[in-house]
Every structure is written in C-alpha cells, then in structure tokens.
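Written below as structure tokens is the structure these notes are about.
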Amino acid sequence: MVLRMSLMGSGISQSRMPRLQHYLGSLAGLEIDYGLIDGEGIAGFDPCERVGQTRTGGFHGLNITHPYKQRIHPLIDRPAINGHERIGSYNTLKFEAGEITGANTDFSGFIRGYRYHRGGRGPGHVVICGAGGVGRAVTFALLALECAHISIFDLSESQAGSLASALKKEGGSASVITSEQLPATMCEADGLVNCTSLGMYKHAGNAFPADAIGGQVWAFDAVYTPLNTDFLKLCRKAGLQCISGFDLWIFQGLDAFQIFTGIEVEADKALMETALSWLD
C-alpha cells in the first residue's frame, strides 16, 4: 500500500519535507508518495477547497504550512491530540474514517527541539515576533514549558492581541508590545523568538533591533532556509544559546510522520546528521 501525502503552502518549491518523509518511510519499510501543493502563482487558490479535493482524491493526509495553517482550522472534525484545537492552527491533517483529524506538530516539535538543546531549563521571559500560525504554536509550546511571561509583537496588533487573549484563557501570562516598546522589552527578556518570515531567502531582514540583542540567554528562529540567519548570527555573537529552524523542522516532521503512519522513528544522531546535510 502506498501512502499518499503532500505539503500544502505558498512558495514552498524548495521544501525538503518530501525528502524527509520519503526517508522516514524507507526507514520504516513503508512506500510513501509525498509531494508539494504550492499555491504561489495559482490564481484564486483556495486551500480549503484543495483540502476537500485531496481528501476525496485518495490522499492519506496533508501537512500545511504558511500561510494556510489558520485558514484550514475550521475544516477539522476532531484533534488527533487533545488540546491542539486551542492553538487555533493546524499543520498536520490525517484523513480517516470519513473525518479529518488535525494536529499541530509545530507545537510538539518546538517542545522537543527546545528540550533537546536546553533540557529542563525554563524559558523565562520571552519576546516573540510573529503571531501567525507558527507563532501561535510556539507560544502555546512556551506555555507548556512553563514560560514566565510572553511579550508578543506583530505588525498586526489585532493578531497579537488575539494570541495574548488565547494564552491568558489557558492561564498564561502574556502581553502585546509595540515596535517602540520592543527594544526595552528585549533588554528585560531571557529568550528571543522569531516566528516571522524575515530572514528567509526571499524575505531578507531581522525582526529584532540588532542593538538590543545581547544580555538574553537563548534564542530561536523558525526560519531554516537559510539555517544561519542574520538574527541567529547576531545572537551567537552576543553569546546566546541558539535553537535553529532545523530543530523545529526535523521534530515536527518526525511527529507528523508518526501521526500519518502510527510509527515512531527515533531522532538518533545518524538521522539528525543526514537530514541536516540536506539543508544549507
């Protein structure tokens, strides 16, 4: 039996997720057909309509990436993992028994990546830039890691406010900050988290003011193309412990594979080094 899946997003032609899922399938002895559904340049592309087409077209499931994670949220019949529905976005859909089950492996993947590098140490006070799909998943993950406080900046103040309200409903401590407040808040923080697209090959830049980087303990960048973003370069120079987008990418991919297939593949040294060699 061939399991047919795809990654759906916009501007994803260079994604290595198909290679990862095919590789995991080979390790597990499964035949995987994993492709890309790229909405970039397709006039009138409707991600919700495409989910319906794949569901009835023989697909086993989908991964969802920017910018569709929140838009497809209402399509889910039930969460594959209890609690993921509160995040407000999904990146992994499985079609089974006439239903769409959803999970957010950015949430679980971030937790695994964070603990891989920082063990049981808490995040402390974190400043996060970006309150979209991946930002929502990471902030809820920070909440699960017992983050002391989350300061949220987003160009859309309403989007940042919505996320802060959702976190508070779950018992978290969160606030919205403005661009004017960002530098001073960074100086009080333990961690800096980038969940914007700034730093990607097609989106050069840095969401954080460079002169306020320093004095924090750790940093994370969701961007993994390139791996060594300008943001992480500055953080490493300032002595921060850095978690790259590769960590989120590999662990969320492993978690998605387990949801699709029911098979857990260990993140051993050989797998991590092999997958890292595919990125630049």
Side-chain angles (χ1 to χ4, degrees), residues 66 69 87-89 91 104-118 121-156 159-164 166-167 170 172-179 181-200 203 205-210 212-225 227-236 238-252:
H66 178 80
K69 296 177 187 180
I87 298 171
S89 65
N91 75 333
N104 196 310
T105 61
D106 286 336
F107 169 84
S108 58
F110 178 81
I111 291 175
R112 291 181 67 183
Y114 180 91
R115 287 177 173 159
Y116 183 82
H117 287 277
R118 291 187 47 78
R121 287 169 289 181
H125 173 198
V126 175
V127 177
I128 181 169
C129 287
V134 69
R136 292 188 71 93
V138 169
T139 51
F140 272 84
L142 287 168
L143 193 63
L145 290 164
E146 300 183 350
C147 187
H149 184 78
I150 304 173
S151 299
I152 306 167
F153 171 71
D154 193 278
L155 293 176
S156 169
Q159 184 162 261
S162 172
L163 177 53
L167 293 169
E170 298 301 317
S173 176
S175 60
V176 176
I177 58 174
T178 65
S179 57
Q181 295 170 317
L182 182 57
T185 308
M186 288 169 60
C187 293
E188 300 169 354
D190 301 290
L192 303 177
V193 169
N194 177 45
C195 285
T196 75
S197 60
L198 286 175
M200 293 176 64
H203 303 277
N206 178 6
F208 291 93
I213 295 175
Q216 301 86 13
V217 178
W218 66 278
F220 165 74
D221 197 337
V223 172
Y224 65 91
T225 52
L227 281 173
N228 196 22
T229 61
D230 289 343
F231 169 58
L232 287 187
K233 288 177 184 177
L234 290 169
C235 290
R236 290 191 178 99
L240 280 65
Q241 181 182 23
C242 293
I243 306 170
S244 77
F246 169 76
D247 298 285
L248 176 62
W249 178 80
I250 187 68
F251 285 115
Q252 65 86 15

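Side chains are part of it too, since the values below use all heavy atoms of this structure and drop only hydrogens, waters and symmetry mates.
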Heavy-atom closest pair, residues G135 and L163: O-CD2, 4.2 Å
Any idea which heavy atoms bring I111 and A141 closest together, and the distance? CG1-CB, 3.7 Å
Side-chain contact test, heavy atoms from C-beta onward, threshold under 4.5 Å: evaluate it for Q241 versus R121 and give yes or no. yes
Could you tell me which non-hydrogen atom of A144 sits nearest to which non-hydrogen atom of F107, and how far apart they are? CB-CZ, 4.1 Å
Which heavy atom of G109 sits nearest to which heavy atom of L248, and what is that distance? C-CD1, 3.9 Å
Using 0.5 Å steps for rounding, measure from the CG atom of D106 to the OG atom of S89. 7.0 Å
Quick one: pull up CG in L232 and OG in S244 and give me the separation to the nearest 0.5 Å. 7.0 Å
Counting distance only, does the side-chain N/O of N206 pair as donor-acceptor with the main-chain N or O of F231 below 3.5 Å? no
Run the side-chain contact (heavy atoms from CB on, under 4.5 Å) check on S108 and F251 step by step: do they pass? CA-CA 8 Å; S108 58; F251 285 115; over 6 Å; no
Could you give me the CA-CA distance, side-chain angles and deciding distance for F110 and L145, then say whether side-chain contact (heavy atoms from CB on, under 4.5 Å) is met? CA-CA 10 Å; F110 178 81; L145 290 164; 4.0 Å; yes
Keeping to residues at least two apart or across chains, list the salt bridge (charged side-chain N to carboxylate O under 4.0 Å, His left out) pairs with something in residues 136-154. none
Checking side-chain contact (heavy atoms from CB on, under 4.5 Å) against V223, which of V134, N194, N228 comes through? N194
Aromatic ring pairing H125/H149, orientation class (parallel under 30°, perpendicular over 60°, tilted between): perpendicular
Do the two ring centres, one from Y114 and one from F220, sit under 6.0 Å apart? no
Is a side-chain N or O of Q216 found less than 3.5 angstrom from the main chain of G214, in a donor-acceptor match? yes
Indicate yes or no for a side-chain donor-acceptor contact from D190 to the backbone of V217 under 3.5 Å, with no hydrogens or angles considered. no
Does A184 have any side chain to side chain contact (heavy atoms under 4.5 Å, CB included) partners at least two apart in sequence or in another chain, and if so, which? none
For K69 and N104, what are the C-alpha separation, side-chain angles and deciding distance, and is it a side-chain contact (heavy atoms from CB on, under 4.5 Å)? CA-CA 9 Å; K69 296 177 187 180; N104 196 310; 5.7 Å; no
Which heavy atom of G124 sits nearest a heavy atom of C147, and at what distance? O-SG, 3.0 Å
By ring-ring contact (aromatic ring centres under 6.0 Å, His included) - contacts of F140 (at least two apart): none
Minimal non-hydrogen separation, A164 against V176, with atom names: CB-CG2, 4.0 Å
